[in-house]
Amino acid sequence: GTKGLILFSKSLDVAVYRRDNDTDKAPSLIDVAGGGIRPGESPFVNFSREAKEEFGLDISRDMIVYARSYVGIQNPKNLTWFLGAVVPEELKALTKLGNEGTELIIEPYAEYLQREDAWDVFQNRSCEFIDFILT
């Protein structure tokens, strides 16, 4: 699958959400956009579909400024992807909680990276993306 962080261009706020309480993976933790890949989907198509479902945002290919593959968490034989999107600030007002989760959170990236209630593996990958953007 593909996960990724959505970063708003001027404020450097991020869009994340609190996962459902009854999910079997990381219940109630703060998570980034993304999920399982469907047959025939590229990482970009997977991420853009998930961003639309989870946050109501249309992510275009030119907004993706970072992509890195990792060994799969559940199956080390598979590759997973982490993407970083920098989106226009105006999209912040259009961001809404979609079909997953219990809470939409838009906050400064530094606050997200310090959260103790975030899914740490994706928080760490987000940190790598932020370091890439800021250096």
Side-chain angles (χ1 to χ4, degrees):
T2 307
K3 289 281 207 174
L5 188 66
I6 298 170
L7 180 72
F8 296 99
S9 61
K10 292 185 179 156
S11 64
L12 300 182
D13 287 348
V14 298
V16 293
Y17 73 100
R18 185 171 305 281
R19 292 176 61 81
D20 294 318
N21 299 326
D22 59 354
T23 185
D24 60 340
K25 296 180 204 164
S28 302
L29 292 183
I30 303 301
D31 197 7
V32 297
I37 199 161
R38 293 180 180 167
E41 279 187 332
S42 68
F44 165 74
V45 170
N46 177 223
F47 179 69
S48 61
R49 176 181 54 78
E50 292 283 352
K52 181 71 170 177
E53 291 173 4
E54 294 169 357
F55 296 121
L57 296 176
D58 291 313
I59 304 294
S60 61
R61 190 174 293 274
D62 65 318
M63 295 175 187
I64 304 296
V65 298
Y66 178 86
R68 182 170 173 191
S69 63
Y70 294 87
V71 172
I73 295 171
Q74 294 178 326
N75 183 350
K77 294 180 182 180
N78 292 336
L79 282 182
T80 61
W81 287 88
F82 191 88
L83 304 181
V86 178
V87 303
E89 195 71 24
E90 313 75 79
L91 292 183
K92 190 187 301 185
L94 303 175
T95 307
K96 61 184 188 270
L97 186 63
N99 62 358
E100 293 180 29
T102 61
E103 176 186 10
L104 169 66
I105 301 165
I106 297 177
E107 64 185 0
Y109 76 85
E111 289 183 26
Y112 165 64
L113 295 179
Q114 295 299 314
R115 280 183 164 273
E116 293 185 12
D117 59 346
W119 196 349
D120 60 348
V121 68
F122 300 116
Q123 192 178 37
N124 293 336
R125 291 176 186 181
S126 294
C127 188
E128 293 172 1
F129 162 55
I130 295 293
D131 285 347
F132 172 80
I133 289 293
L134 298 180
T135 55

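- Taking every heavy atom of both residues into account, L12 and S9 meet most closely at CD2-O, 3.8 Å.
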- From CA spacing to verdict: side-chain contact (heavy atoms from CB on, under 4.5 Å), I130, L7: CA-CA 9 Å; I130 295 293; L7 180 72; 4.1 Å; yes
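- Looking at R68, its side chain never comes within 3.5 Å of a backbone N or O of R125 through a donor-acceptor pair.
- Looking at heavy atoms from C-beta onward, F129 lies in side-chain contact with V86 at the 4.5 angstrom threshold.
- Hydrophobic clustering, with ILVMFWY side chains joined whenever heavy atoms are under 4.5 angstrom apart, keeps L57 apart from V65.
- Between A51 and I6, the closest heavy-atom pair is CB-CD1, 4.1 Å.
- Proximity of L5 to Y109: side-chain heavy atoms (C-beta onward) are nowhere separated by under 4.5 Å.
- Within the 4.5 Å cutoff, the side chain of I37 has no heavy atoms near those of the W81 side chain.
- Taking CD1 from I105 and CZ from R18, the interatomic distance works out to 5.0 Å, rounded to the nearest 0.5 Å.
- Residues E128 and Y66 form a side-chain contact, since some pair of their non-hydrogen atoms from C-beta on lies under 4.5 Å apart.
- Scanning all heavy atoms of the two residues, the minimum distance from N21 to S28 falls at OD1-OG, 2.5 Å.
- For F55 against A33, the heavy-atom pair with the smallest separation is CE1-CB, 3.6 Å.
- Taking CD1 of I106 as the start and OG1 of T95 as the end, the distance is 4.5 Å to the nearest 0.5 Å.
- Under a hydrophobic clustering in which Ile, Leu, Val, Met, Phe, Trp and Tyr are joined whenever their side-chain heavy atoms come within less than 4.5 Å, directly or via other members, L104 and Y112 fall into different clusters.
- In this structure, the side chain of E41 engages the main chain of R38 through a donor-acceptor pair within 3.5 Å.
- In this structure the side chain of V87 reaches within 4.5 angstrom of the side chain of F8, judged on heavy atoms.
- Contact record, A67 with L83: CB-CD2, 3.3 Å, taken as the closest heavy-atom pair.
- Between the CD1 atom of I59 and the CG atom of L91 there is a distance of 7.0 Å, given to the nearest 0.5 Å.
- A distance of 11.0 Å separates CG in D31 from CD in Q123, rounded to the nearest 0.5 Å.
- Once rounded to the nearest 0.5 Å, the distance linking CD of E116 with CG of L29 reads 12.0 Å.
- Without hydrogens or angle criteria, E89 side chain to S11 main chain gives a donor-acceptor distance under 3.5 Å.
- Counting heavy atoms from C-beta outward, E103 and L97 have side chains that stay 4.5 Å or more apart.
- Put simply, the side chain of P88 reaches to within 4.5 Å of the side chain of M63, judged on heavy atoms.
- Not a single donor-acceptor pair under 3.5 Å links the side chain of D20 to the backbone N or O of D22.
- Counting only distance, with no hydrogens or angles, the side chain of E50 and the backbone of K3 share no donor-acceptor pair below 3.5 Å.
- When side chains are defined from C-beta on, V14 does not count as touching S126, because their heavy atoms never get closer than 4.5 Å.
- No path of Ile, Leu, Val, Met, Phe, Trp and Tyr side chains, each step under 4.5 Å between heavy atoms, connects L79 with Y70, placing them in separate hydrophobic clusters.
- Going from atom CZ of F47 over to atom CD1 of I64 covers 5.0 Å, rounded to the nearest 0.5 Å.
- When the side chains of ILVMFWY residues are joined at heavy-atom separations under 4.5 Å, either directly or via intervening members, V121 and V71 end up in two distinct hydrophobic clusters.
- Between the side chain of N46 and the backbone N or O of G36, at least one donor-acceptor pair lies under 3.5 Å.
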